[in-house]
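Because the structure is a prediction, the values reported are computed rather than measured. Numbers here simply count residues along the sequence, with the first being 1.
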Amino acid sequence: MIALVLSTRPLQAKEYLPETLSVNQRAPEKVDEMNVTTYEMLIQRLREYEPKIILVVTQDMSESAYRWIPEVMGQTKTDQTLYILPKSQNDQYHLLVVIEELAKDSDWQGNISLLDSNLTFQEVADHIIGFVNPQSVESNELINEEEQEQSELSLLLAQGEKDDGRSGHVITITGPGSSGATTFILYHFPYLAKLNPEKEFLIVDINDDKGDLVETTRSQNHRLSNAKTAFQRKRLQESDLRYHIPYKSLPNLKVISAVQDQHKWSSNEIVMFLEKVKKEFDVIAFDMGELTFTSNAKIRLMRESNEVIAVVRPDSFSLNRTLQYTKVLERLPTKVIITHFDTSYVSKSEVEKYLGLPVLGVVPYERLLIPKQTTSDLFEPTKKMQKEFATYQWDLELIVSLKKRGLFASVG
């Protein structure tokens with residue numbers, strides 16, 4: 001295996017590509033690495049050797065991304081993978097936008113993976129080679145997940161059709177920090193479950209920043225990571241996952257924690273999980289947490305979702321943070337929910353025009369919206385909230401309000 005590394009520090013090729021244990025072959029595999037220190041050398045070596053792996057460290061790249069990415073993409077083939085290690089999170093986002101724009105009119109068929117910034121040498125090597133530490137090998141049935149995963153950009157730009165045979169409707173809720181996404185979930189989805197007792201609802205906490213939803217519903221002991229062995233053996237469909245029922249009055253609403261616990265979810269595991277729960281639940285709502293595009297698994301989750309909900313506050317920080325990601329969000333089935341909404345401050349149409357994304361609805365601003373103590377008690381939406389909930393038009397048949405004296409309508 002030949003790997004080509006562009007870095008002005010020649011010794012780094014060996015650091016990024018150590019000898020390690022292959023899951024498939026269960027024996028050390030020698031990685032033949034080449035280090036180039038200039039962009040011109042990179043292009044020349046690409047033509048001469050056709051390496052299986054190309055790693056570009058952008059910290060050592062002087063060329064514009066709009067130039068070097070098309071040229072490198074033009075030199076690669078379907079069995080080659082281009083890995084890009086950004087120098088910072090801002091650089092990572094910039095590269096994401098550049099590649100997305102370039103790929104719109106490109107027929108390039110190669111593989112590309114944009115890594116997280118600030119990774120260690122070993123973390124980069126784990127991503128590139130797709131190997132694991134020998135101590136972590138628990139079963140002969142383990143397979144190389146990294147080699148099977150699609151890259152973030154492939155997921156975002158993929159045009160494949162979804163399988164219509166599965167009935168579960170997947171909704172991913174995300175947004176800038178402190179936008180109120182978790183609070184919205186705790187109020188709205190139990191309310192929907194109450195109005196639709198014949199439908200099964202699942203809430204998945206995959207918010208690695210806080211995990212507030214799991215804490216509030218006391219679902220800490222019901223973890224998706226308990227099925228790790230079933231994931232590894234590709235037998236999740238045969239497993240009975242343990243869900244938590246936080247509210248006795250709502251047996252059709254269940255919660256499970258997918259907050260990372262020494263286990264980083266892969267894109268393939270997300271797909272396996274969705275394939276299982278779509279057959280068991282009518283609505284699957286994910287609390288994804290912070291709006292970000294640095295995780296392959298969460299990118300895959302949004303790509304597989306029927307609806308992506310960006311929860312925003314009508315303030316400059318929240319709106320501008322969301323605006324940074326609109327080039328990607330507009331390629332996903334994204335809608336906006338405005339929390340802390342006050343008509344005297346801003347209108348729905350103004351937010352819609354500013355972000356360029358459709359507004360699904362609002363959550364009105366009210367004092368004492370959050371209980372003083374978060375317990376497993378059901379959060380009851382106020383009359384104002386119920387009135388706004390009645391206007392939501394989800395992309396599936398759901399009763400969204402109770403008919404009381406003609407105030408609210410049932411919307412499908």
Side-chain angles (χ1 to χ4, degrees), residues 96-97 100-101 103-104 150-176 179-182 184-185 188-189 192 199 201-204 206-207 258 267 270-271 273-275 277-279 281-312 318-319 321-339 348-349 351-363 388-389 391-398 400 411-412:
L96 183 66
V97 172
E100 181 199 24
E101 292 180 358
K104 286 180 181 178
Q150 297 183 49
S151 69
E152 293 178 17
L153 297 170
S154 298
L155 297 170
L156 286 173
L157 301 173
Q159 300 299 321
E161 296 294 329
K162 292 186 174 67
D163 184 355
D164 295 330
R166 295 191 290 266
S167 59
H169 190 84
V170 181
I171 303 171
T172 295
I173 295 94
T174 183
S179 61
T182 300
F184 164 73
I185 293 171
H188 188 62
F189 286 95
L192 288 179
K199 293 187 182 294
F201 290 76
L202 175 65
I203 300 176
V204 184
I206 197 169
N207 184 348
S267 298
I270 289 293
V271 172
F273 178 62
L274 289 177
E275 287 178 345
V277 296
K278 279 184 175 183
K279 297 176 181 178
F281 295 90
D282 298 287
V283 179
I284 305 105
F286 284 82
D287 182 357
M288 198 185 87
E290 182 76 19
L291 179 62
T292 180
F293 295 105
T294 59
S295 165
N296 274 0
K298 291 184 178 181
I299 288 290
R300 184 58 177 265
L301 172 60
M302 289 188 285
R303 186 69 183 86
E304 294 289 327
S305 297
N306 299 97
E307 297 180 82
V308 175
I309 304 300
V311 178
V312 302
S318 186
L319 292 173
R321 175 71 173 169
T322 306
L323 191 63
Q324 293 177 9
Y325 295 100
T326 53
K327 284 184 178 292
V328 177
L329 288 174
E330 65 186 11
R331 300 180 67 86
L332 298 166
T334 307
K335 299 174 184 175
V336 173
I337 285 179
I338 311 169
T339 57
K348 288 189 288 187
S349 61
V351 173
E352 194 168 62
K353 182 178 180 180
Y354 186 75
L355 294 178
L357 298 169
V359 173
L360 175 67
V362 305
V363 179
E388 293 296 341
F389 289 170
T391 66
Y392 291 11
Q393 296 188 38
W394 296 104
D395 290 341
L396 76 163
E397 290 187 6
L398 278 178
V400 295
V411 181

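Across Val312, Val351, Leu329, Leu332, a single residue satisfies side chain to side chain contact (heavy atoms under 4.5 Å, CB included) together with Leu357, and that is Leu329. Here the options are Ile173, Ile185, Ile206, the test is side chain to side chain contact (heavy atoms under 4.5 Å, CB included), and the partner is Asp287; only Ile185 passes.
Taking the side chain as every heavy atom from C-beta outward, Thr172 and Phe286 approach each other to under 4.5 Å. With a 4.5 Å cut-off on side-chain heavy atoms, Leu192 and Val283 do not count as touching. Side-chain contact between Leu398 and Tyr392: absent, with no pair of heavy atoms (C-beta onward) separated by less than 4.5 Å.
For Arg321 and Glu290, the salt-bridge test passes: some basic side-chain N is under 4.0 Å from an acidic carboxylate O. Look at Glu304 and Arg300 and you find a salt bridge, because one of the NZ, NE, NH1 or NH2 atoms lies within 4.0 Å of a carboxylate O, short of that distance.
Residues Lys199 and Asp282 approach most closely at CA-OD2, 3.2 Å, considering heavy atoms. Closest of all the heavy-atom pairs between Lys327 and Arg331 is O-CG, 3.6 Å. Listed here is the closest heavy atom pair of Val170 and Lys278: CG2-CE, 3.5 Å. In terms of heavy-atom proximity, Gly180 sits nearest to Val311 at C-CG1, 4.1 Å. Nearest heavy-atom pair, Thr174 versus Ala181, reported as atom, atom and distance to 0.1 Å: O-CB, 4.3 Å. The nearest pair of heavy atoms linking Ser305 to Pro333 is O-CG, 3.5 Å.
Listed by chain and number, the residues in a ring pair (Phe, Tyr, Trp, His ring centres under 6.0 Å) with Phe184 are His188 (sequence neighbours excluded).
Between the NZ atom of Lys298 and the CG atom of Leu301 there is a distance of 9.0 Å, given to the nearest 0.5 Å. Here CZ of Arg303 is found 15.0 Å from CD1 of Ile270. Values are rounded to the nearest 0.5 Å. For the atom pair OG (Ser179) and CD1 (Ile338), the distance works out to 12.0 Å, reported to the nearest 0.5 Å. The CG atom of Asn306 lies 8.0 Å from the CD1 atom of Ile284; values are rounded to the nearest 0.5 Å.
Using modelled atom types, one side-chain atom of Thr322 and one backbone atom of Ser318 make a donor-acceptor pair closer than 3.5 Å. In this structure, Glu307 contributes its side chain and Asp395 its backbone to a donor-acceptor pair below 3.5 Å.
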Determine whether Trp394 and Ile171 satisfy the following criterion, side-chain contact (heavy atoms from CB on, under 4.5 Å), listing intermediate values before the conclusion. CA-CA 10 Å; Trp394 296 104; Ile171 303 171; 3.8 Å; yes
